[in-house]
Amino acid sequence: MGDHLQSLGSEAEGLESNVKDELCMDIDPPFSENSATADDWRKALSKVVPAVVVLRTTACRAFDTEAAGASYATGFVVDKLRGIILTNRHVVKSGPVVAEAMFVNREEIPVYPIYRDPVHDFGFFRYDPAAIQFHVYEEIPLAPESACVGLEIRVVGNDSGEKVSILAGTLARLDRDAPHYKKDGYNDFNTFYMQVVRALKFLQNSRDLSCNKWEAVSIPRGTLQVTFLHKGFDETRRLGLQSETEQMVRHASPPGETGMLVVDSVVPGGPAYNCLEPGDVLVRMNGKVQDLHSITPDYFLEVSGAVIHPLSYQQARNFRFNCGLVYVTEPGYMLFRAGVPRHAIIKKFAGEEISQLEELISILSKLSRGARVPLEYVSYTDRHRRKSVLVTVDRHEWYAPPQIYKRDDSTGLWNAKPAFQPVSMLPSSVNGLGVLSGQEVPLSTEGTCIEHMNPDNLELTDGHGVTSMETNCELVLDETNSRVEVDLEVKKRRVHELSVDGNLAAEYTVPGTRNAKLEDPITMENAMVREYQGATPVAANASFPERMIEPTLVMFE
């Protein structure tokens, strides 16, 4: 018995020794694997550095997780022949972006986005290789299979817009989770921090080198709308993993696998909602997943400076809302004045429940300018309480009419089209445009009316140096034996001009206006002040010209 125990003890010591040796090999690789000399590093860096570029990007609109603004980043030429630059997803951005790349010799070229991953932090720009006139460089090949624990590396990039920075390091882990950036912005998840090659091959295979044109590339991506965490087998056993299941997984997994995927969170309304819960251990899948691109928006509505689009998977995961809800990325002028914040989810507008952007557009198209309607919204910080505000449908002249912007991946640009046709209801009877009673015509008639002013019809008003113009349009229909006069009271607009010398002001009227009228100066001034009241406060003791001018001042940054 004693000899048997001693034999077992010897075997155990030998096994422990072998395990220690294996661990030592993993943690401290033999020197022969890291035998690169300083000269070797110099030669390698001399090939890599010319292919590293500084990316200057400008996000033209706030969109999804990103705010509008300018930034610097690093890019790497990974395909010289096709002109492909690899960088981060938050650099390529999910919204409109204008970018240029600067090589180490200070040569600059425009670049255009061709792909940004919906979840993982990588994306690609394209450029015209023929645009490089002076720089000599080679592409950087991607070799993820060469990565191993203990490998000595050099990190090359452009830190804060610097020309080149090089840092030395050693790979300590290959299974490191992606970092968590912020709760209301972009985050990478469901990955170890190594990826990219599959997407690059899709782009390379789809590029026809015989023609100088890129085509939109669809890279298949699926999702369960679930965030997983990688947990070791010791933790999964505590979560209820059965021994036979662990044995099956270990047998089917690659050598060195030490754990399984555990559910961390589930997005409401997703494929796994009410099926998986936090703490569940994923054992197998049935091969059915949702198209990830279908819940990643590629269009938005812009109205009065506001940017509104369907809620993306990224933000739905952050906020625990359903994908596709009406999401305010940027409130702009109209919504900001009403008190609607960024990241708001619009739930009700003009008395109608809405859950999709198309429903909001439909309601907006029926509202006239100046209409005051209620809006209800929720925010992720107070998700269980709806807040109600009153919105004035006000689109100032410096904003374009409501437009839909749609991304075109073949050009890297966003194409705009009207969200709906601006219309105005005509009065009864038949008018000169051949439009029946109650039919709609474009508001362009307003511009036509304003253009045909008669400078001979002048009337003196007040002495404040303010010119007031009232526009009343009359459209005359000439037929064979009759003339039908239709009054098109399209709109009244006052245009105020401050005279230089403070002389008396005049009132212009459009031809066809029957009665020109004098306005009380005090009444007119009060109405004008009320009309120009806005977000900018004006001093109580300011003069009338100061009160008029101050709201028009802007700051350029």
>> Is the ring pair Phe63/His309 parallel, tilted or perpendicular, if the boundaries are 30 and 60 degrees?
In response: tilted
>> Less than 6.0 angstrom from the centroid, inside 45 degrees of the normal: does Arg61 satisfy that with respect to the ring of Phe300?
In response: no
> Is any side-chain heavy atom of Gln290 closer than 4.5 Å to a side-chain heavy atom of Ser294?
Replying inline: yes
Validation: residues 253-281 side-chain donor-acceptor distances under 3.5 Å, sequence neighbours left out:
unit_1	atom_1	unit_2	atom_2	d
Ser253	OG	Val249	O	2.6
Glu257	OE2	His230	NE2	3.0
Glu257	OE2	Gly259	N	3.1
Ser265	OG	Thr227	OG1	3.3
Asp280	OD2	Glu277	N	2.8

>> Could you check whether any side-chain N or O of His293 sits under 3.5 Å from a backbone N or O of Ile219, counting only pairs where one atom can act as donor and the other as acceptor?
In response: yes
> Between Asp121 (side chain) and Arg89 (backbone), is there a donor-acceptor pair under 3.5 Å?
Replying inline: yes
>> Could you check whether any side-chain heavy atom of Pro341 comes within less than 4.5 Å of a side-chain heavy atom of Phe336, counting everything from C-beta outward?
In response: no
> So Arg56 and Met102, side-chain contact (heavy atoms from CB on, under 4.5 Å) or not? Walk me through it.
Replying inline: CA-CA 8 Å; Arg56 288 196 289 254; Met102 183 176 69; 4.0 Å; yes
> Which heavy atom of Thr87 sits nearest a heavy atom of Gly75, and at what distance?
Replying inline: CB-CA, 4.3 Å
> Going from OH on Tyr313 to CG on Leu292, what distance comes out if it is rounded to the nearest 0.5 angstrom?
Replying inline: 7.0 Å
> If you look at every heavy atom in Pro310 and Pro297, which pair is closest and at what distance?
Replying inline: O-CG, 3.5 Å
>> I want to check something: taking the side chain as every heavy atom from C-beta on, are Arg342 and Val328 in contact at a cut-off of under 4.5 Å?
In response: no
> What is the minimum heavy-atom distance between Tyr377 and Gly339, and which atoms define it?
Replying inline: OH-O, 3.7 Å
> Can you tell me how far OG1 of Thr58 sits from NZ of Lys93, rounded to the nearest 0.5 angstrom?
Replying inline: 9.0 Å
> Given Gln314 and Asp64, is the side-chain hydrogen bond (donor to acceptor under 3.5 Å, both in side chains) satisfied, shown in steps?
Replying inline: CA-CA 8 Å; Gln314 276 281 341; Asp64 196 12; over 6 Å; no
> So, for Leu86 and Phe124, which heavy atoms are closest and what is the spacing to 0.1 Å?
Replying inline: CD1-CE2, 3.7 Å
>> Between Glu246 and Arg237, does any side-chain N to carboxylate O distance fall below 4.0 Å?
In response: yes
> Taking it one step at a time, do Val54 and Thr74 satisfy side-chain contact (heavy atoms from CB on, under 4.5 Å)?
Replying inline: CA-CA 5 Å; Val54 177; Thr74 302; over 6 Å; no
>> One pair to check against side-chain contact (heavy atoms from CB on, under 4.5 Å): Val98 and Cys60. What are the steps and the verdict?
In response: CA-CA 7 Å; Val98 176; Cys60 314; 3.6 Å; yes
> Yes or no on side-chain contact (heavy atoms from CB on, under 4.5 Å) for Ile295 and Gln225, after CA distance, side-chain angles and deciding distance?
Replying inline: CA-CA 10 Å; Ile295 53 176; Gln225 295 193 34; 3.6 Å; yes
>> Just so I know, are the side chains of Gln204 and Arg82 near enough to count as touching, which here means a heavy-atom distance under 4.5 Å?
In response: yes
> With distance as the sole test, does Asn318 use its side chain to make a donor-acceptor pair with the main-chain N or O of Asn187 at under 3.5 Å?
Replying inline: no
>> Determine whether a donor-acceptor pair (N or O, by modelled atom type, separation under 3.5 Å) exists between the side chain of Glu139 and the backbone of Lys80.
In response: yes
>> So for atom NE2, which belongs to His180, do other residues, nucleotides or ligands contribute more than 12 heavy atoms lying within a distance under 6.0 Å?
In response: yes
> Between CZ of Phe125 and OG1 of Thr57, what distance do you get to the nearest 0.5 Å?
Replying inline: 6.5 Å
> Which class fits the ring pair Phe321 and Phe319: parallel under 30°, tilted 30 to 60°, perpendicular over 60°?
Replying inline: perpendicular
>> Has Asn88 got a side-chain atom pairing as donor or acceptor with His90's backbone, closer than 3.5 angstrom?
In response: no
>> Counting C-beta onward and ignoring hydrogens, is there a side-chain heavy-atom pair between Ile85 and Arg126 closer than 4.5 Å?
In response: no
> What closest approach, in Å, do Pro374 and Leu390 show between heavy atoms, and which atom pair accounts for it?
Replying inline: N-CD1, 3.8 Å
> Is the backbone of Gln315 close enough, under 3.5 Å, to the side chain of Tyr186 for a donor and an acceptor to pair up by distance?
Replying inline: no
>> What I'd like to find out is whether the side chain of Val289 reaches to under 4.5 Å of the side chain of Thr223, using heavy atoms alone.
In response: no
> With respect to Val373, which candidate in Leu367, Ile363, Thr392 satisfies the side-chain contact (heavy atoms from CB on, under 4.5 Å) definition?
Replying inline: Leu367
> Between CG of Leu311 and CG of Leu357, what distance do you get to the nearest 0.5 Å?
Replying inline: 12.0 Å
>> Can a donor-acceptor pair be found, under 3.5 Å and without considering hydrogens, that links the side chain of Asn158 to the backbone of Val53?
In response: yes
>> For a 4.5 angstrom cut-off between non-hydrogen side-chain atoms, does Ile346 reach Leu375?
In response: yes
> Taking side chain as C-beta onward, heavy atoms only, is Phe349 less than 4.5 Å from Leu364?
Replying inline: yes
>> If the condition is side chain to side chain contact (heavy atoms under 4.5 Å, CB included), which residues does Arg386 pass it with, not counting sequence neighbours?
In response: Lys347, Lys348, Glu353, Glu376, Val378
> Once you round to the nearest 0.5 Å, how far does CG of Leu200 lie from CZ of Arg198?
Replying inline: 12.0 Å
> Quick one: does Ser362's side chain have a donor or acceptor within less than 3.5 Å of a partner on Glu358's backbone?
Replying inline: no
Table please: side-chain donor-acceptor pairs of residues 401-408 below 3.5 Å, with sequence neighbours left out.
unit_1	atom_1	unit_2	atom_2	d
Gln403	NE2	Tyr405	OH	3.4
Lys406	NZ	Asp298	OD1	3.1
Lys406	NZ	Asp298	OD2	3.0
Arg407	NE	Asp409	OD1	2.9
Asp408	OD1	Ser410	N	3.1
Asp408	OD1	Ser410	OG	2.6
Asp408	OD2	Ser410	OG	3.3

> What is the minimum heavy-atom distance between Ser355 and Val326, and which atoms define it?
Replying inline: C-CG2, 4.0 Å
> Do the side chain of Thr236 and the main chain of Phe233 share a donor and acceptor less than 3.5 angstrom apart?
Replying inline: yes
>> So, taking the atom named CZ in Arg320 and the one named CZ in Arg383, what distance separates them when rounded to the nearest 0.5 Å?
In response: 8.5 Å
